[in-house]
Amino acid sequence: MYFDEFAKRIIPVQHRIFYVVLAFGRFNLYALSVSYLLKRLFTTPVDQNKKPVTARQYREDVVLELVALGLFWGWYGFVLWSLPSWGWVLGYFLVSNMMTGLLHVQITISHFGMPAVTLNGEEFARMGLNSSMDVECPRWLDWFHGGLQFQVIHHLFPRIPRHRLRSIKPMVIKLAQDNGLVYHSHEFVKSNKIVLGVLKEVADQVGFLVEAAPSCLSEGH
């Protein structure tokens, strides 16, 4: 696997800067939104089912999304402009965007601590149970997690609305028990520890290669 210089420096310390990176996650989403639309402008028109669509329809969809982004930034810019000082502008800009880091934490802890390998012939249910974990919380705290604490259930039944996910949980537990599978569900703090542990394990492996066999990372072996 090829690692550029940035990866060689960042991955060995990823478990230490994990939450810092997530705090800036929304800025990455901004960049991805723009790059995705620009990429669409220069690709062959296709819809989600890989069927050809008319160039006009394709262009109108892209323009509509660009207009929506423009309206958002126009409104957001007006909010910033209305603030009394540059200090307020900077503070509001950072806080309003970095607070969404909580959302990134919620999503990543359900995935980053679990295997990301799909085995040949692996059943859908087994893959869903193996590749993600749920976060335990009392019912009165569901508002904070917004249904994202039930990622396993969501992956198995993606069309079930979030307010019904908790009611499906006993069925998923029974499904796992009846088929000798493991339903992974942990409290919020433990889930974070699991993710940090996996990040550290990968960081240590890459750090060792950076020191002991840098050519393996540079040449893509």
Side-chain angles (χ1 to χ4, degrees), residues 14-37 48 64-65 68-80 91-116 118 124-177 181-199:
Q14 63 181 1
H15 55 294
R16 300 173 184 168
I17 62 174
F18 178 61
Y19 297 109
V20 176
V21 172
L22 293 186
F24 291 91
R26 188 161 188 175
F27 300 108
N28 181 54
L29 294 180
Y30 291 148
L32 290 176
S33 298
V34 175
S35 63
Y36 170 72
L37 291 176
Q48 293 181 352
L64 181 61
E65 293 186 56
L69 284 177
L71 290 173
F72 166 76
W73 282 109
W75 165 81
Y76 192 65
F78 176 79
V79 171
L80 295 177
Y92 180 85
F93 179 76
L94 291 177
V95 172
S96 63
N97 285 283
M98 295 175 72
M99 283 298 292
T100 59
L102 292 172
L103 177 62
H104 297 295
V105 171
Q106 178 67 72
I107 295 175
T108 55
I109 61 175
S110 293
H111 299 86
F112 283 13
M114 304 301 294
T118 302
F124 175 78
R126 184 184 299 273
M127 180 178 64
L129 287 163
N130 288 340
S131 61
S132 56
M133 64 180 173
D134 284 351
V135 178
E136 294 285 346
C137 76
R139 182 182 294 273
W140 60 267
L141 200 57
D142 282 353
W143 66 270
F144 177 78
H145 295 281
L148 294 174
Q149 75 273 33
F150 298 119
Q151 284 294 304
V152 174
I153 303 172
H154 167 66
H155 288 169
L156 294 177
F157 306 100
R159 302 192 68 175
I160 293 180
R162 66 182 63 189
H163 68 280
R164 296 289 295 171
L165 293 175
R166 180 177 287 275
S167 64
I168 303 298
K169 182 176 179 177
M171 303 179 191
V172 174
I173 294 176
K174 187 175 187 304
L175 171 69
Q177 292 175 343
L181 304 174
V182 179
Y183 168 63
H184 300 276
S185 184
H186 308 285
E187 294 181 348
F188 186 76
V189 173
K190 184 176 180 179
S191 298
N192 278 267
K193 290 181 178 179
I194 291 174
V195 170
L196 291 176
V198 172
L199 291 176

Would you say that [X] contacts [Y] through its side chain, given a criterion of any heavy-atom pair below 4.5 Å between the two side chains?
X      : Y      : result
Leu181 : Leu175 : no
Ile153 : Ile160 : no
Val21  : His104 : no
Val195 : Phe18  : yes
Val182 : Leu129 : no

Per the salt bridge (Lys or Arg N to Asp or Glu O under 4.0 Å) rule, what does the pair list look like for residues 148-168, sequence neighbours excluded?
Asp142-Arg166

Nearest 0.5 Å, please: how far is [atom2] in [Y] from [atom1] in [X]?
X      : Y      : atom1 : atom2 : answer
Leu196 : Gln14  : CG    : CD    : 10.0 Å
Ile109 : Leu22  : CD1   : CG    : 10.5 Å
His184 : Ile194 : NE2   : CD1   : 9.0 Å
Asn28  : Ser33  : CG    : OG    : 9.0 Å
Ser185 : Glu136 : OG    : CD    : 3.0 Å
Leu103 : Thr108 : CG    : OG1   : 9.5 Å

Using atom types as modelled and distance alone, determine if a side-chain donor or acceptor of [X] lies under 3.5 Å from a backbone N or O of [Y].
X      : Y      : value
His145 : Leu141 : no
Ser110 : Asp134 : no
Gln151 : Gln149 : no

The complete set of side-chain hydrogen bond (donor to acceptor under 3.5 Å, both in side chains) pairs with one or both residues in residues 187-196, sequence neighbours excluded, reads Tyr19-Asn192

Take atom OH of Tyr183 as the centre, draw a 6.0 Å sphere, and report whether it contains more than 12 heavy atoms from other residues, nucleotides or ligands.
yes

Minimum-distance pair of heavy atoms, taken over all atoms of Phe112 and Val198
O-CG1, 3.7 Å

Give me the atom names and distance for the closest heavy-atom approach of Phe188 to Gln106.
CE1-OE1, 4.5 Å

Exercise answer: donor-acceptor pairs, residues 69-80 side-chain atoms, under 3.5 Å, sequence neighbours excluded:
unit_1: Tyr76; atom_1: OH; unit_2: Ser96; atom_2: OG; d: 2.7
unit_1: Tyr76; atom_1: OH; unit_2: Asn97; atom_2: ND2; d: 3.0

Ring centres of Phe93 and Phe27 under 6.0 Å apart?
yes

